[in-house]
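What's counted below: heavy atoms across the whole structure, side chains too, no hydrogens, waters or symmetry copies.
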Amino acid sequence: MSWVGKSLRRKEDERLVRGQGLFADDELGAGMLHLYILRSPYAHARILSIDTAAAEALPGVVCVLTGKDVLEHCDPYMQLGPEPCDKIRDLPLAVDKVIFQGEPVAAVAATSPGIAMDAGQLIDVDYEMLDAVVDAEEALTDKIILHEAAGTNRTWHGVYEYGDVEKAFRDAVHVVRIPRMHFHRYASTPLEGNACVAEWTRQGTVDFLCNNSFPGFAQQLLAPGLRLKSDQVRIRTYDIGGSFGNKIWNYVYMALAALASKKAGGRRVKWAELRTENLLGSGHGNERTFLDTEVALDKHGVITAIRSRHIDDCGAYTRYEPLGCVIWSQVLPATFKLRNMRIDFTQTVTNKCPAVPNRGYSRMQHLWFMERIIDICAHELRIPADEIRLRNYITEFPYETPNGCVYDSGNYPAMLAKAKQLVDWDKWKKMQVAARADGRLIGIGIGTTLDSGTNNFGQAQIMNPHLPFSGNAEVCTMRLDFDGALVVSLGTGPSGQGHETATSQVVADELGIDPSMVQVRSGFDTGWNTYVGHSGTYASQFAVTGLSAVHGACQKLKAEMRKLAAFLLEAAEDQLEFGTGAQGPEVRVRGTDKAIGYWQLSNVINNNNAMLDERMADVTLNIRHVYRPPFRVPDTKRKFGNLTLTYAAQLHIAVIEVSRETSRAQILAYAAVDDCGTVINPQIVAGQVHGATSHGIGAALMETFDYDETGNLLTSTFSDYCPITSLNIPDIAYGSIQTPSPFSYSGAKGMGEGGGAPLHSISAAVQDALYEAGVIVTGSHHSPPAIFAALQKPNRAQAVSVEKR
Amino acid sequence: MYPAPFRYHRAASIEAAIRQLSELGEGARALAGGQSLLVWLKMRFGEVSDLVDIGRIPGLDAITQDAAGVRIGALATHARIARSPLAKLLPIVGDCANGIADNQVRSRGTIGGSLASGDPSCDWPVLLTTLDANLHTQGPGGARDLPVDGFVEDLYVTKLKPGELITGISFAMPVKGSAGAYVGFKRCAPAYPTISVGVQLSLKGEQCEDVRIALGSAGLTTIHARAAEAELKGKTLTPATLARAADAAVAASDPVDDQRGPIAFKQSIIKVLVRRGIETAKRRCHGETVEVSHEYY
Ligand SMILES: Cc1cc2nc3c(=O)[nH]c(=O)nc-3n(C[C@H](O)[C@H](O)[C@H](O)COP(=O)(O)OP(=O)(O)OC[C@H]3O[C@@H](n4cnc5c(N)ncnc54)[C@H](O)[C@@H]3O)c2cc1C
């Protein structure tokens, strides 16, 4: 009997669907204050003065914070990037200048959210408007500079070169040139905005109940930011309403709630973002422009080399950046076997909301770029879209990429075959021909993508050699409790991924018990001491880091249980077996009825220990296990090394019809095939696939953060931004294959992000529909206005050229 | 966002509401479903000191119809109208009511509020212009009847005088052989339409005897596309006449370039919807049951 591999009902759902979850904003208490953050209406302006007198005089207002308080009580947050990022001063409130619309300039703590907001309207800020720069290429001219101390907007530059690119181009039969492509700006917009309750305690510590999704990292940034010792900052999370990476950065403004609590004499202060605040001022995904792309191919349409220049736009601050400037290289060749690549990578700041990790973070942009390349080459060289992929796919695993990453396992041709079958490829191919004859525009697009999981933080050193980060780790603590239940704590702090359930399945199997006997604590607490700096839920890693820690803890606990049981039953350890007897779970002497129950083992250690001797001295039945994946520090000069442990893959096929009337791309059929190795809980995996697919479809067809040239965000409400909802999600034909990872104990791979597959498949489908109309798809957003513009001005002559040698 | 503080009053009758609004003066507003007003308050548009809730005044939400015509009380919600027998009898009414926002908004928002808000994206003014409806008001100066066409004078500006309330709307029952359609193109349920079009058509054989066409979200107010109507009246409906009507509708429109799309794009949608509206109305004139819904993108 094995629980792993079964769709065990999610333990979390009982409380969540009954409205009994505990989100940070649910926390109430006598005397609690509410924080309102006043935000800049301008994208770029100097703050000449701030007058808070009227706000402070409003009854119910307890304190007001401005840049002055922040300078007095905070140190700027640590910057990850090298020169000139170290000159960027990131504080929880703007001090003398605002650099994006929505940047916090003041904060009010009051006895109700309404009073705090009223007071916010009474704060008088005198701004001097400055010209804004919202375009990445223009920003790189440094005519308008955001961070004056840095002296430039360029936050990072590096060249990634592997193989012999020049030779590959000399030997090429076809050279395809694509001068410009662009990946647009959007975010995953979690249902729950950023929130925390902070208390500056009498002991001088700060206690946060929050929804940060990378608390191991947040603590290391918040403590020095607040001029405290790490352990003086306690971080707890409970239920989190989605993060998708977006909640990694929210420590920046959590500090405001802490400062307000300090100024208010230790009263608890709640900060809970409203939707427009979230859209305007929390975090967006990275926008990226791909310039001067050249692709070398042989006579079979096999890509032999790519060179290109990439410009990443990270918005106003480098919060988690410039890490994204390296993270994409986890999937440098995508799913293709080319060996020669040269990517010149630059990042810039602009007067827009800061970029933060967002489902598919940085790899998705690059994978979209690679998928556009192969797709455009297919059309230009008249090779069928499926055929050209089969000719280019990596087929042997483990596979070392040109930059030293090791793809653990996979079978892309099998996924393609399965997706074709699910979507009914042959039928649509015929329908497409018939429809074309009627003047209808039907397109079929393939998107193959990777979800690289379990980061080697050593890659941060490629970005900045001085960073003291490498490897990865996660922690599990496990205690055999009085009643024989297994009490498990994790450092992962999930945000909806069902960690309590998957953990219960693993523990149940290892200890031969029912999952109901496993009590996994909800959320995260630094007070449990179940964390390391890497602890959190991000970068598709729980199934590997989290569950390996759980699995390791189980082995250690079983070893102790076996040792103790052998002592108590006067048997040899190798005579013992774990099982369930009449009284419940027990350790017994094989072939006899001599047994001792789990609860009895716990009782001996916890209540009844006089019969033990020194041989049992280190048996505590309270285990702490740290899992560390096998990584080395990459070669930072060559930008070479294994950057991630596992590579889940997704292959999607979209069939769309573009209306000639309304320019709308409508999905007619959609298939999604997933491979995340050994599946722990099929229902949870299917949920993640549907969620990631929906997010990607929303991004491709609906969602975009549009700024005007003054840096004013045009889509700052849900009515304008239009996140995808169930009404717009098509039926998804879902399938999976399993190629177990040789690098994780169970064969599982992390899989939460989904690699942005719908962006690739929908761009390809739109391309297929519009190619004959002379359109080359060079953007990732396919709203009706975008398609209308493309059909009005077919761009093929400028967007692509093919040189045949 | 949270609204600034305001005082709340509940009116027991229309007369009481008019009196309260007049007494409270400039800062007072009538509150019906709150689906526009509360949003404005949360965004802190304008200074509102008092809300007079008219939502519970009895008898103002009736929907009646007889041979002479249709009357809808100002407090009838979008949802109530969508479920009414009228929506089945006149599918154009159902098209409109069902296409407004989502369930939550439809259950609270009222036809009177939709007119009074003066919002160019609201659907009822467009539909009621198409049906050549009148609206009925009561105010400190007595009762008035006004045509809906022209009632909204400018962006968020209507002909209502201070303290004056809409009590209902009415329109003549379309003649036999006449049918209409109301179509919209919108991003998703909780978004206002990018463009919407109402068409009410009377046919004699294949010939257009009479037609009314109105455009929503295509300018600062509802646009009554008379030039488009002129292209059709007395003519046989052919692809060419339809195309001319669509072009005339575009010429009459004045859409803005915003996050829902640039002007040229919106013009292309006006063309499509005018054609779609006429074609659907025509099929309904011929007695066909045609389900149309807004197109969501
Ligand atoms: C998310 C969202 C999406 C929406 N999408 C659409 C859409 O797609 N199409 C659409 O048409 N509408 C849409 N709406 C608006 C909705 O239809 C509103 O219900 C309508 O605009 C106003 O009606 P109300 O009863 O809510 O009026 P309220 O919000 O209560 O009032 C609006 C204004 O009218 C005044 N008023 C109200 N009733 C009267 C009266 N009887 N006499 C005089 N003045 C009065 C008020 O004083 C106020 O100034 C949407 C609203 C939301 C929140």
Under the 3.5 angstrom rule, does the side chain of S783(A) hit a backbone N or O of L701(A) as a donor-acceptor pair? no
Of the backbone (N, CA, C, O) and the side chain (C-beta and beyond), which part of Q666(A) lies under 4.5 Å from a heavy atom of chain B, both, or neither? neither
Classify the angle between the aromatic ring planes of F265(B) and Y297(B) as parallel (below 30°), tilted (30 to 60°) or perpendicular (above 60°). perpendicular
Is A264(B) close to chain A through its backbone or its side chain, or both, or neither, when contacts mean heavy atoms under 4.5 Å? both
When the 4.5 angstrom heavy-atom criterion is applied to P3(B) and chain A, the contacting part is backbone
Between [options], which shows the greatest number of heavy-atom pairs under 4.5 Å with chain B?
options                   : result
R275(A), E661(A), E277(A) : E661(A)
D118(A), T715(A), I115(A) : D118(A)
L714(A), L274(A), D720(A) : D720(A)

Is it true that the side chains of S763(A) and H782(A) contain a donor and an acceptor less than 3.5 Å apart? yes
What's the separation between atom CD1 in I787(A) and atom CZ in R660(A), rounded to the nearest 0.5 Å? 12.5 Å
What do you reckon, is CG of D438(A) surrounded by more than 12 foreign heavy atoms closer than 6.0 Å? yes
